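Report on one structure; see the data block that follows.
First the proteins, then the strands, lettered A, B, ... as listed; each starts at 1. Small disclaimer: the values here were computed from a predicted structure and weren't measured.
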Number of protein chains: 2
Amino acid sequence: METRELRYFVAVAEERHFGRAAQRLGIAQPPLSRAIQQLERRLGVTLLDRANRTVALTEAGAVLLCEGRAALAAVEAATRRTRRAGSGLVLAMKAGASTELLRRLLDTYGEPVEVVLCGIAEQARMLRDGRADAALLHLPFDATTGFDTQALHTEGQVVVLPPGHALADRPHLLTAETAALPLARWPGPDGEFVDGPGPQVRDSAQLYELIALGRAAAIVPESSGTHLHRDLPAVPLIDAPTVTTVIAWPPHSRSRALAAFVHAAGLIGQAA
Amino acid sequence: METRELRYFVAVAEERHFGRAAQRLGIAQPPLSRAIQQLERRLGVTLLDRANRTVALTEAGAVLLCEGRAALAAVEAATRRTRRAGSGLVLAMKAGASTELLRRLLDTYGEPVEVVLCGIAEQARMLRDGRADAALLHLPFDATTGFDTQALHTEGQVVVLPPGHALADRPHLLTAETAALPLARWPGPDGEFVDGPGPQVRDSAQLYELIALGRAAAIVPESSGTHLHRDLPAVPLIDAPTVTTVIAWPPHSRSRALAAFVHAAGLIGQAA
DNA sequence: TGTCTCGATACTGGTGCGGTATCGAAGCGC
DNA sequence: GCGCTTCGATACCGCACCAGTATCGAGACA
């Protein structure tokens with residue numbers, strides 16, 4: 001199966017319309033129809049149901065859409081990483097992750113690294129399609145499914161409260177005691193917010209502003225709670241799961257540069 | 001980048017010889033030379049060092065070899081899984097894994113499943129190139145890197161001893177006490193045996209024969225130690241890590257059939 | 001029933017892939 | 001040092017195949 005055929009099929013499967021797919025691909029509709037027919041003939045299965053003037057996926061079509069996307073991403077990744085070979089690594093991380101940890105990692109590695117800030121879903125996509133070589137993730141929150149990982153740092157979590165809050169003087173808190181707090185809600189992987197009493201936030205500046213105003217509280221890893229905003233009280237949450245910062249990369253990827261970077265991460269993980 | 005170009009490059013990179021690669025691909029040498037040149041021109045990087053009548057990989061070439069193999073495997077996987085869509089799942093497992101657990105899993109799933117027996121390295125390869133849809137692995141021994149997993153069953157380990165062995169009457173053992181035993185050695189992922197005092201074994205029939213003869217002992221999961229050979233004494237090893245049988249599959253793969261199979265596995269995991 | 005929309009088909013032209021023949025350079029034996 | 005051999009690159013040619021235009025046939029809709 002050729003990449004061209006896969007691109008054509010994925011376009012039709014996503015658009016469910018030969019005309020629009022052809023337009024998206026920048027070709028005319030007839031060659032697209034023929035290409036899909038040929039693909040079906042070569043695979044020996046029907047991929048699309050063209051009954052009733054609508055295009056629907058068959059079961060085999062659904063499988064090929066899913067597997068084909070992954071295969072196209074792998075081919076793109078090969079192209080991108082080959083072009084980038086020799087120049088620096090690209091590291092995808094979330095905004096708000098520990099800058100202190102990152103600084104130590106980059107220092108230990110020594111070579112130049114391009115850092116890209118994005119959301120968790122985008123991080124995974126960038127690793128898969130080769131736009132990034134590695135990503136910083138946080139267990140147990142982020143799924144590392146499909147990637148190799150190396151632990152960098154493990155820490156507890158703290159509750160960040162408005163100044164003068166009733167709980168601010170406590171030596172530590174339990175998760176149950178935070179139930180009544182207006183805990184800030186972050187957007188999930190799908191961009192949606194879960195329901196809850198607290199305000200919705202999209203970045204850490206916004207979060208800390210809301211806390212300072214007494215409108216929110218937040219449960220965050222120690223390092224972000226204590227290092228960034230000394231003026232806000234942060235109380236250890238002793239029964240919360242510990243947060244592990246890990247570096248993740250596609251399992252087959254083992255270029256010299258990436259291997260050295262992971263090795264540097266291992267040194268930091270040991271030291272911590 | 002087209003799959004054809006990737007296949008050509010991988011062949012040359014593996015053979016380090018245009019003539020042999022062309023022969024392997026079933027084409028003449030000149031079109032192969034031209035295809036590689038065109039690939040290098042399109043990517044904008046040099047992939048091969050053709051100095052001194054030898055072909056060597058550049059750094060970019062090494063990256064493309066690794067990423068290209070993965071991409072080709074993904075394309076092959078798409079082809080195979082699409083062709084197989086609708087017919088039964090293929091499950092890759094190691095010889096000697098728990099048949100009791102497998103029987104329950106297949107019963108719960110209800111649909112026909114083709115079971116393929118192979119080694120651990122082959123299991124991973126089959127998942128990646130689409131010859132299998134899922135695999136049964138054993139944590140913490142097998143690497144599940146790059147796959148999604150669902151726990152099926154967790155159990156302790158036992159030491160299987162020759163009949164009448166001095167340790168056979170003990171209620172339980174510690175790992176330290178097994179140091180002097182001639183523990184059987186299995187071939188690793190690379191097919192090589194690690195060094196050690198015990199005999200080398202390749203299948204469980206051979207293993208149990210050697211134990212019965214008093215020439216070996218083995219540390220195995222409870223289920224294989226007690227269910228299969230009631231005539232050999234099996235002593236719980238209380239400080240050994242517990243063994244978890246998991247079902248693994250490529251993370252993007254979520255066909256209806258696989259989803260149902262994983263769901264069935266989840267039901268069994270809960271029940272256990 | 002006329003019309004519109006959509007995918008399939010018919011036919012044509014140009015690109016590009018693969019083949020044979022050959023070159024130029026680098027080892028290698030004598 | 002000279003020819004021989006081996007290797008990848010180049011030159012040139014023919015054909016297959018891909019894409020484009022024009023058109024068809026079927027189904028939805030008024």
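The separation between A:Asp49 atom CG and C:dC6 atom C1' is 15 Å, rounded to whole Å. Separating the CD atom of B:Gln23 from the C1' atom of C:dG18 is a distance of 17 Å, rounded to the nearest angstrom. If you take OH of B:Tyr8 and C1' of D:dG8, they are 17 Å apart, rounded to a whole angstrom. B:Gln37 places its CD atom 16 Å from the P atom of C:dG16, with the value rounded to the nearest Å. To the nearest angstrom, C1' of C:dG16 lies 13 Å from CD of A:Glu2. Taking atom CG of A:Leu25 as the reference point, atom P of C:dG7 lies 13 Å away to the nearest angstrom. The separation between A:Glu15 atom CD and C:dG7 atom C1' is 16 Å, rounded to whole Å. Here C:dC17 presents its C1' atom at 9 Å from CD1 of B:Ile27, a figure rounded to the nearest Å.
The pair B:Glu14-B:Arg69 meets the salt-bridge criterion, with a side-chain N (NZ, NE, NH1 or NH2) lying under 4.0 Å from an Asp/Glu carboxylate O.
With hydrogens and angles left out, the side-chain atoms of B:Thr145 and A:Asp148 include a donor and acceptor closer than 3.5 Å.
Counting non-hydrogen atoms under 4.0 angstrom, B:Glu5 reaches nothing in the nucleic acid. Among the atoms of the strands shown, base atoms are found under 4.0 Å from some heavy atom of B:Gln29.
The distance from the OH atom of A:Tyr109 to the CG atom of A:Leu258 is 8.0 Å, given to the nearest 0.5 Å.
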TODO: I would like to know whether B:Glu2 and B:Arg42 meet salt bridge (Lys or Arg N to Asp or Glu O under 4.0 Å); could you show each step before the answer?
DONE: CA-CA 11 Å; B:Glu2 289 303 313; B:Arg42 281 217 269 251; over 6 Å; no
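For D:dG20, its base sits under 3.5 Å from the side chain of A:Arg34 at one donor and acceptor pair at least.
Across the interface with DNA chain D, nearest-nucleotide mapping of B:Pro31 and B:His17 shows B:His17 to be the residue nearer the 5′ end.
Ranking C:dA21, D:dC18, C:dC17 by closeness to the B:Gln38 side chain, first place goes to C:dC17. Taking only side-chain atoms of B:Arg4, from C-beta outward, the nucleotide of C:dG18, C:dA8, D:dT10 with the closest atom is C:dG18.
Listed pair A:Ser33 / C:dA8 meets the phosphate criterion, a side-chain N or O lying under 4.0 Å from OP1 or OP2. Phosphate proximity of D:dC7 to B:Arg50: absent, as no side-chain N or O sits under 4.0 Å from OP1 or OP2.
Looking at every heavy atom in both residues, B:Leu65 comes nearest to B:Phe9 through N-CE2, 3.7 Å.
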